[in-house]
Amino acid sequence: MNDRIGHQFGSYRLIRLLGQGGFAEVYLGEHIHLKSYAAIKMLKTFVIDNEAEGFQKEARTIASLQHPHIIRVFDYNVVNGMPFLIMDYAPNGTLRNLYPRGSCVPLPAVVSYVKQVAGALQYAHSEKIIHRDIKPENMLLGRDNEVVLSDFGIATMSQSSRYSNAQDIVGTVGYMAPEQIQGKSHMASDQYALAIVAYEWLSGGLPFQGSFSEIAVQHMVVPPPSFCGKRPDIAPEIEDVIRTALAKDVHQRFVSVQAFADALEQATMPRTGPGANASTQVSLSTPETAFSPLASTQRVNYPGAGIRDASMPLSTSIAS
């Protein structure tokens, strides 16, 4: 890795390593002429000529996303078979850096982060793009500590190549929805993954532990353990919202990821005054209409035609 520092990729010279994961290494790069900085994401894969067109198509899709809570990708190239993306530099690290594994995050912060990420995902879903790798490592902090979501399609771009490392995949399976584990990810999968992140922040740990196969099976059939006992400050209504977003059946989750974020925020609001409980209670047994801004005008179903996975031209299988 370090032997790349000082080398030039595109118009950028690599200055230092910012971080690395199962599918990529990220470097701080300096533009050789403008002296401006960017994040250079080097994918841990090798692209041959007949694969380059597919990678370029995916890169164009990622670069087309324009949202204040999505990291901007403004260039892509392949050098000696190695693909890399050039992105805005988020100087304040990731939410994983800010809250290491095992941390309990204050509830107001959880609500704020979920709302920001949900806004980014709702926009991407409106563009018929699914993220597929929601986790704190992919939630960056911008210059004003706003959350910016990164890595749309990156994991799939790498997994679709000949590169394969099962141990690295284990690090992501903790957030995968049941249908995604089966290779059938869609918009509801992002909602599930974001709910797993919220669960982790509120409880101090992921709901399921073990090997890849053990975690995958638990996602498929085991209800997430209750965390209210660990956090007496968390109202049962909040856990109910998260459990709805973690339903095994996609039809039992909220109508959209934005509806999940709205429900979580509503569940944290104080209920005061006579009859407040009755007037503010929303049934979680009907998630396809509850909390949805679309509920009064149209019905929206997740597994509809025309939903485009960010990785759709590539393989969607997950090695176990």
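FYI, the numbering just counts along the sequence from 1.
With rounding to the nearest 0.5 angstrom, the CE atom of Met220 is 14.5 Å from the CD1 atom of Ile215. Of the inter-residue distances, the one linking Ile134 atom CD1 with Gln191 atom CD reads 12.0 Å to the nearest 0.5 angstrom. To the nearest 0.5 Å, atom CD of residue Gln8 and atom CD1 of residue Ile40 are 10.5 Å apart. The distance from the CZ atom of Arg96 to the CZ atom of Arg101 is 4.0 Å, given to the nearest 0.5 Å. Here the NE2 atom belonging to His67 is positioned 15.5 Å from the CZ atom belonging to Arg72, to the nearest 0.5 angstrom. With rounding to the nearest 0.5 Å, the separation of CD1 in Ile62 from CE in Met87 is 9.5 Å.
Under the 4.5 Å side-chain contact rule for hydrophobic residues, Phe9 and Leu18 do not share a cluster. Clustering ILVMFWY residues whenever any of their side-chain heavy atoms sit less than 4.5 angstrom apart, transitively, puts Leu98 in the very cluster that holds Val111. A continuous path of Ile, Leu, Val, Met, Phe, Trp and Tyr side chains, each step under 4.5 Å between heavy atoms, connects Leu141 with Val117, placing both in one hydrophobic cluster. Hydrophobic clustering of Ile, Leu, Val, Met, Phe, Trp and Tyr side chains at less than 4.5 Å, counting indirect connections, unites Val221 with Tyr175. Transitive grouping of hydrophobic side chains (ILVMFWY, heavy atoms separated by less than 4.5 Å) keeps Leu14 and Val26 in distinct clusters.
Taking both residues in full, the closest heavy atoms of Leu43 and Ala24 are given as CD2-CB, 4.0 Å, listed atom of the first, atom of the second, then distance. Taking both residues in full, the closest heavy atoms of Val114 and Ala198 are given as CG2-CB, 4.1 Å, listed atom of the first, atom of the second, then distance. In plain terms, the two heavy atoms of Asp133 and Asn138 that are nearest each other are O-ND2, 2.8 Å. Taking each heavy atom of Leu202 and Cys104 in turn, the nearest pair found is O-SG, 4.0 Å. Between Ile196 and Gly174, the closest heavy-atom pair is CG2-O, 3.5 Å.
Residues Leu95 and Trp201 have side chains in contact (heavy-atom distance under 4.5 Å, counting atoms from C-beta outward). Contact annotation: the side chain of Asn77 never approaches that of Ile86 to less than 4.5 Å [non-hydrogen atoms, C-beta and beyond]. Annotation: side chain of His125 is not in contact with side chain of Gln258 (no heavy-atom distance under 4.5 Å). Side chains of Ile238 and Thr268 form a contact here, defined as non-hydrogen atoms less than 4.5 Å apart. The shortest side-chain heavy-atom distance between Asp190 and Met187 does not fall under the 4.5 Å cut-off.
Evaluated for a side-chain hydrogen bond (donor to acceptor under 3.5 Å, both in side chains) with Ser189, the options Glu179, His131, Gln180 yield exactly one hit, Glu179.
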| message | Using side-chain contact (heavy atoms from CB on, under 4.5 Å), reason through His186 and Val250 one step at a time and then give a plain yes or no. | response | CA-CA 9 Å; His186 48 69; Val250 297; 3.3 Å; yes
| message | side-chain contact (heavy atoms from CB on, under 4.5 Å), that's the test. Do Val255 and Phe260 meet it? Break it down for me. | response | CA-CA 8 Å; Val255 68; Phe260 162 52; over 6 Å; no
| request: Take Tyr89 and Tyr37 through the ring-ring contact (aromatic ring centres under 6.0 Å, His included) test and state the conclusion after the steps. | output: CA-CA 7 Å; Tyr89 171 49; Tyr37 293 100; 7.1 Å; no
| task | Before giving the answer on side-chain contact (heavy atoms from CB on, under 4.5 Å), spell out for Thr94 and Leu140 the whole-Å C-alpha distance, their side-chain angles and the decisive distance to 0.1 Å. | result | CA-CA 4 Å; Thr94 70; Leu140 311 181; 3.4 Å; yes
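Sequence neighbours left out, the pairs with a member in residues 215-241 that pass ring-ring contact (aromatic ring centres under 6.0 Å, His included) are Tyr192-His219, Tyr199-Phe227, Phe208-His219.
The side-chain contact (heavy atoms from CB on, under 4.5 Å) check on Ser103 picks up Tyr99, Pro100, with sequence neighbours excluded.
A donor-acceptor pair shorter than 3.5 Å cannot be found between the side chains of Ser126 and Gln122. Glu239 and Ser226 form a side-chain donor-acceptor contact under 3.5 Å, judged by distance and modelled atom types alone.
Using bins of under 30°, 30° to 60° and over 60° for the plane-to-plane angle, the ring pair His31/Tyr12 lands in the perpendicular bin.
Salt bridge absent: Asp262 and Lys115 never bring a charged side-chain N and a carboxylate O closer than 4.0 Å. Using a 4.0 Å cut-off between a side-chain N of Lys or Arg and a carboxylate O of Asp or Glu, Arg16 and Glu30 do not qualify as a salt bridge. Here Glu200 does not pair with Lys135 in a salt bridge; the nearest charged N to carboxylate O distance is not below 4.0 Å.
Of the possible polar contacts, one joining the Glu146 side chain to the Asp144 backbone as a donor-acceptor pair under 3.5 Å is found. Formation of a donor-acceptor pair under 3.5 Å by the Tyr27 side chain with backbone atoms of Ala38 is not found in this model. Within the 3.5 Å criterion, the main-chain N or O of Gln209 finds a donor-acceptor partner in the side chain of Gln218. Side chain of His69 to backbone of Val147: a donor-acceptor contact under 3.5 angstrom is found.
Residue Arg13 qualifies as open at atom CZ: its count of foreign heavy atoms under 6.0 Å is 12 or below.
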